[in-house]
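Proteins come first, then strands; the chains are lettered A, B, ... in the order of their sequence lines, and each starts at number 1. Keep in mind that the numbers below use all heavy atoms, side chains included, and drop hydrogens, waters and symmetry copies.
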Amino acid sequence: MPELPEVETIRLSLLAPLTNRRITGSAIGAFPGVIGAMDWSMFEQGVRDRTIQGIRRRGKYLLIELDDESGIEVHLRMTGNLTLLPAEVDPVRFEYLVITLDDGQTLRYSDQRKFGRVLFHPAVDRSWMAAKLGPEPLTPAFSSAYLERKLRGRTAAIKALILDQRIIAGVGNIYADEALFRSKIHPLQPGGSLTVAEISSLVRSIKHVLRMGVENRGTSFSSYRDGYGESGANQFRLRIYGRGRSGEPCTRCRGPLTIVEAGGRSSHVCLRCQPLRMIEGAGSGARERQRR
DNA sequence: CATTACCTGCAA
DNA sequence: TTGCAGGTAATG
């Protein structure tokens with residue numbers, strides 16, 4: 001479940017210890033697919049003796065920049081973890097890649113479900129990820145004017161649209177539910193039916209919940225930890241995510257919470273606070289007409 | 001546009 | 001034993 005705040009927390013925790021460190025070697029574990037289709041020798045030779053210049057983040061992607069224009073791209077997907085540990089420490093559970101540094105530390109990539117990837121790119125251009133990802137939500141480029149433009153005419157559920165990384169980079173299921181709840185918008189509301197006021201509120205809510213997530217060093221529900229293996233604290237600050245399943249009432253109106261499916265994933269919603277407004281002639285309306 | 005595949009631990 | 005967790009690529 002690492003989303004933008006979790007990935008940013010990992011980046012911040014690893015930035016100082018990795019910067020200016022030379023990579024002295026690397027080792028692959030029981031799941032060679034972790035580095036993608038590339039031959040292991042290519043990866044190993046590519047990173048060896050390179051010095052780490054910095055770590056960038058775009059959406060949920062990390063890029064460990066090396067001193068020759070190459071870079072190591074990391075996507076944690078669901079259960080990936082990057083952990084900095086002394087070389088003598090035994091392998092952690094599900095450890096599939098180890099990068100050894102010149103100061104006796106090692107960067108370990110572990111991943112229970114093997115969804116994540118650690119890719120070596122021999123040449124990283126300045127537009128890294130630009131074609132695949134929308135604007136960073138915590139920059140001015142993500143504005144209500146921008147989101148209005150993106151939502152205009154769209155019949156898909158607003159939740160599906162804000163989970164679309166081409167529209168906003170870095171929002172996942174947890175922060176999407178939190179932002180929609182704060183802005184009192186039903187996850188299934190067609191994107192194009194949102195009012196200007198709702199869009200402006202949603203943009204502010206997305207920025208707010210992501211900033212809060214970063215301030216609290218991420219949401220640790222299951223496997224997420226920062227680069228030192230430490231849990232975050234944002235799970236205690238969530239207003240709706242996960243509460244529907246445990247039968248808790250709405251934190252705003254004390255009414256019942258519901259779980260609906262939106263954007264292909266479970267979404268926590270308070271139907272009292274986030275009523276669904278039906279729109280004449282919208283996509284779902286056309287489908288209902290067919291049924292009759 | 002929505003749905004499925006990819007994975008595995010864990011709760012029901 | 002079943003189904004759910006969910007980010008993304010591939011598929012319909």
Side-chain angles (χ1 to χ4, degrees), chain A residues 1-8 10 29-37 57-63 73-82 92-97 109-119 128-129 131-134 137 150-180 187-193 210 213 218-225 234-235 238 240-247 258-269 279 281-288 290:
Chain A
M1 23 169 77
E3 304 178 28
L4 187 151
E6 290 73 38
V7 178
E8 179 64 8
I10 291 171
F31 172 53
V34 67
I35 63 163
R57 181 191 57 73
R58 256 315 249 124
K60 303 169 194 172
Y61 293 81
L62 282 176
L63 182 68
E73 178 185 304
V74 181
H75 198 297
L76 305 167
R77 293 281 186 104
M78 299 290 304
T79 51
N81 266 301
L82 279 175
V92 299
R93 207 140 115 92
F94 312 116
E95 181 178 290
Y96 298 125
L97 186 72
Y109 180 77
S110 59
D111 192 346
Q112 179 203 122
R113 289 167 74 176
K114 305 179 181 174
F115 281 6
R117 293 294 180 266
V118 181
L119 306 178
W128 174 67
M129 286 288 138
K132 302 176 66 148
L133 300 178
K150 286 295 177 183
L151 297 186
R152 196 164 300 149
R154 300 294 295 266
T155 56
I158 182 61
K159 168 109 181 237
L161 295 171
I162 62 177
L163 287 175
D164 184 340
Q165 303 297 297
R166 293 166 302 185
I167 297 179
I168 317 166
V171 176
N173 203 34
I174 296 175
Y175 294 96
D177 276 6
E178 291 295 309
L180 289 167
L188 291 176
Q189 193 71 40
S193 75
L210 293 177
T219 300
S220 293
F221 257 124
S222 51
S223 61
Y224 161 72
R225 300 292 184 274
N234 200 60
Q235 60 275 23
L238 302 179
I240 190 163
Y241 182 86
R243 294 179 189 266
R245 222 172 296 285
S246 49
T258 316
I259 297 177
V260 301
E261 187 166 307
R265 43 190 44 87
S266 66
S267 307
H268 300 258
V269 51
I279 301 300
S284 56
R287 226 171 289 134
E288 272 188 17
Q290 278 188 343

Distance check needed: [N] [atom2] versus [X] [atom1], whole Å only.
X	N	atom1	atom2	result
A:Ile167	C:dG7	CD1	P	15 Å
A:Met129	C:dG7	CE	P	17 Å
A:Asn173	C:dC4	CG	P	14 Å
A:Arg77	B:dA5	CZ	P	16 Å
A:Lys60	C:dA9	NZ	P	11 Å
A:Leu161	C:dG7	CG	P	16 Å
A:Phe94	B:dG9	CZ	C1'	7 Å
A:Lys159	C:dG7	NZ	C1'	13 Å

Exercise. Would you mind telling me which of B:dG9, C:dG7, C:dA9 lies closest to the side-chain atoms of A:Gln112?
Key: B:dG9
Using atom [atom1] of each nucleotide, how far apart are [N] and [M] to the nearest Å?
N	M	atom1	result
C:dT1	B:dC6	P	22 Å
B:dC7	C:dT11	P	15 Å
C:dC4	B:dT3	P	14 Å

Quiz item: May A:Phe115 be described as stacking on the base of C:dT8, applying a 5.5 Å centroid limit and a 30° limit on plane angle?
Solution: no
Quiz item: How is A:Arg154 classified with respect to the nucleic acid when contacts are heavy atoms under 4.0 Å: base, sugar-phosphate, or nothing?
Solution: sugar-phosphate
Strictly below 4.0 Å: does [X] bring a side-chain N or O up to OP1 or OP2 of [N]?
X	N	answer
A:Ser266	C:dA5	yes
A:Arg245	B:dA12	no
A:Lys114	B:dC6	no
A:Lys132	C:dA9	yes
A:His75	C:dT8	yes

Approximate separation, where rounding is to 0.5 Å, of [X] [atom1] and [Y] [atom2]:
X	Y	atom1	atom2	answer
A:Leu161	A:Leu151	CG	CG	6.0 Å
A:Thr258	A:Ile240	OG1	CD1	8.5 Å
A:Asp164	A:Leu133	CG	CG	10.0 Å

Practice problem: Check step by step if side-chain hydrogen bond (donor to acceptor under 3.5 Å, both in side chains) holds for A:Glu3 and A:Tyr224. | Solution: CA-CA 10 Å; A:Glu3 304 178 28; A:Tyr224 161 72; over 6 Å; no
Quiz item: Does A:Arg58 make a cation-pi contact with A:Tyr61, if we ask for NZ or CZ under 6.0 Å from the ring centre and within 45° of the axis?
Solution: no
Quiz item: Below 3.5 Å, does any donor atom in the side chain of A:Arg265 face an acceptor in the base of C:dG7, or the other way round?
Solution: yes
Self-check item: Lys/Arg-Asp/Glu bridge criterion (N-O < 4.0 Å) met for A:Lys159, A:Asp177
Solution: yes
Self-check item: Nearest-nucleotide comparison on DNA chain C, the residue closer to the 5′ end among A:Met78 and A:Tyr61
Solution: A:Met78
